Protein chains: 2
Amino acid sequence: MADLVYRKILADLKQRIQNDEFPTQKLPDERSLMVEYDVSRSTVKRALNIMANQGIIFKKRGSGTFINPLYQKNQTIFQYEGSNLGVTDSFKSDGKIPSIKLLEFRVIPANEELQTELFLNPGDFVYEIKRLRSFDDQPFMIELGYIPIKVAPGLSVETVEGSIFNFLEGSTGKTVTKSFMTIAAAPSTPEDQELLNLKPVEPVGIMEGIFFLDDGTPFEVSNMRLHYKYLNYNTFVNLDENG
Amino acid sequence: MADLVYRKILADLKQRIQNDEFPTQKLPDERSLMVEYDVSRSTVKRALNIMANQGIIFKKRGSGTFINPLYQKNQTIFQYEGSNLGVTDSFKSDGKIPSIKLLEFRVIPANEELQTELFLNPGDFVYEIKRLRSFDDQPFMIELGYIPIKVAPGLSVETVEGSIFNFLEGSTGKTVTKSFMTIAAAPSTPEDQELLNLKPVEPVGIMEGIFFLDDGTPFEVSNMRLHYKYLNYNTFVNLDENG
DNA sequence: AAGTGGTCTAGACCACTAC
DNA sequence: TAGTGGTCTAGACCACTTA
């Protein structure tokens, strides 16, 4: 994976931007990069397009390729994940120790909504997994997840007390790299308040996600209720659609 | 723009998926599409890659290209924008009439944070624009925006009572297609409660965005406080990074 | 007019999956 | 073994910006 040519160019250019090797904020033109890296122009463009889609650079026809000043000058602003895949990993822990408390774990028939979202048939069963996640004994998230039995037949209590994605990757080699997320906010319920140590006036952030396996199978529907101080979702939005 | 070959293939394939022309959930292989559309394989791949990045299809090496069942079968789930560009346009109005009330409009020197985010120098000035947006007299968002004078010198009271992005596009031809967004939630302040008709226990959703011009110039910093029922942010997240 | 990014081609070879 | 998507090449021509 890391020996792919366009990946190496991508990584190298990112590093060079960090090192401030382009003080004019302008990258060399594509034909120069082609010579410098001894690759075709297509390969240069591939690396540059990925950086453009990530908001690292802006390309302007007729004039050149320019660094997004915010990417280089202010990493504190421009730190983003745009994702919640592998929750234990993607929430910033700041050195705090993450833990999981299993609140509920059972098998139920999929209701109509779950059938739609997980592409199941009537009569199919799903695990219902309710977990409370904490950092250093400070609970920050109630997670209610539904996983079809047929895509993860081996789930046990021990498994769901850790990272389900890691278990899946270890046992089947499949990874979860795609999801469809919805983000909202709501007043906290009494249960939220009790589990997350919230005052009645303090709200929760809600993240709902459908997670997909690499082959497109919907793998999990997850409803996450977060202590509002922990909802901080960053994305770079690009409406250009130049894939 | 719309006469680009890869765009036509993209539009055509999307339409054919909607029309259920691929009942097996599998698209023709790339070499067949190449012949069918009479283009090179690269062009086929370009269209397919965009669809994959949008979550419409999944590609699996060795086996083929498959439709995301949720895209085809459930458009109500899979409607997303992943964006807040052009707020008046992108918030769903459901036939309700959008309106803007100008609460504040003045010119101030950019503070340190704004200097960083808008890439300004000490002494540069910005417009401060505070607006209340409503649908059918139901206020849903307080918007506090900062725009450098030098990137939009012609702003007037009349202008900021409408769509600033539309004004910009009309007067300079520049469009805003990229932004960096942060989404959070918080208890409502007394001002929120008054302006948005919220009860003290009801929260606000917060969207902060830095919007960029096509050439990479940061154009606006916007802090949006939304009635919590109106925060509903959808994105398709793809960690593959195969841009 | 020169320079730069965008689109597209025709084809080679590789990696993975299914049978 | 055959089929499929992934990577990469070498080059042509176009569209836009700058001078």
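Model, not experiment: these values are computed from the prediction. Throughout, a chain's letter reflects where its sequence line sits, starting with A, and its residues are numbered from 1.
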Discussion item. For A:K26, give me all partners under side-chain contact (heavy atoms from CB on, under 4.5 Å), at least two apart in sequence or on another chain.
Written reply: A:T24, A:F66
Discussion item. Can you see if the side chain of A:K60 gets near the phosphate of D:dC16 - specifically, an N or O under 4.0 Å from OP1 or OP2?
Written reply: no
Worksheet item: Roughly, in whole Å, what's the span from CG in B:D29 to P in D:dA2?
Response: 16 Å
Practice prompt. Could you pull out all residues at least two apart from A:E21 that satisfy side-chain contact (heavy atoms from CB on, under 4.5 Å)?
Written response: A:R16, A:N19
Discussion item. Test of understanding: with side-chain contact (heavy atoms from CB on, under 4.5 Å), list the residues that count as partners of B:I149, not counting sequence neighbours.
Written reply: B:V107, B:F125, B:Y127
Worksheet item: Atom NZ of A:K26 to atom P of D:dT17: distance rounded to whole Å?
Response: 14 Å
Worksheet item: Nearest of D:dT17, C:dG6, D:dG5 to any side-chain atom of B:K59?
Response: D:dG5
Worksheet item: Between atom CZ in A:F58 and atom P in D:dT17, what is the gap in whole Å?
Response: 17 Å
Fill in: Base versus backbone protein contacts along nucleotides 8-14 of chain D [heavy-atom cut-off under 4.0 Å; B, S, -]
SBB-B--
Worksheet entry | side-chain contact (heavy atoms from CB on, under 4.5 Å) involving B:R41 - partner list, sequence neighbours excluded | B:E30, B:R31, B:M34, B:K45
Discussion item. Which residues pass the side chain to side chain donor-acceptor pair (under 3.5 Å) test with A:S222, not counting sequence neighbours?
Written reply: none
Discussion item. Please check this pair: side chain of B:R7 against backbone of B:A47, looking for a donor-acceptor N/O pair closer than 3.5 Å.
Written reply: no
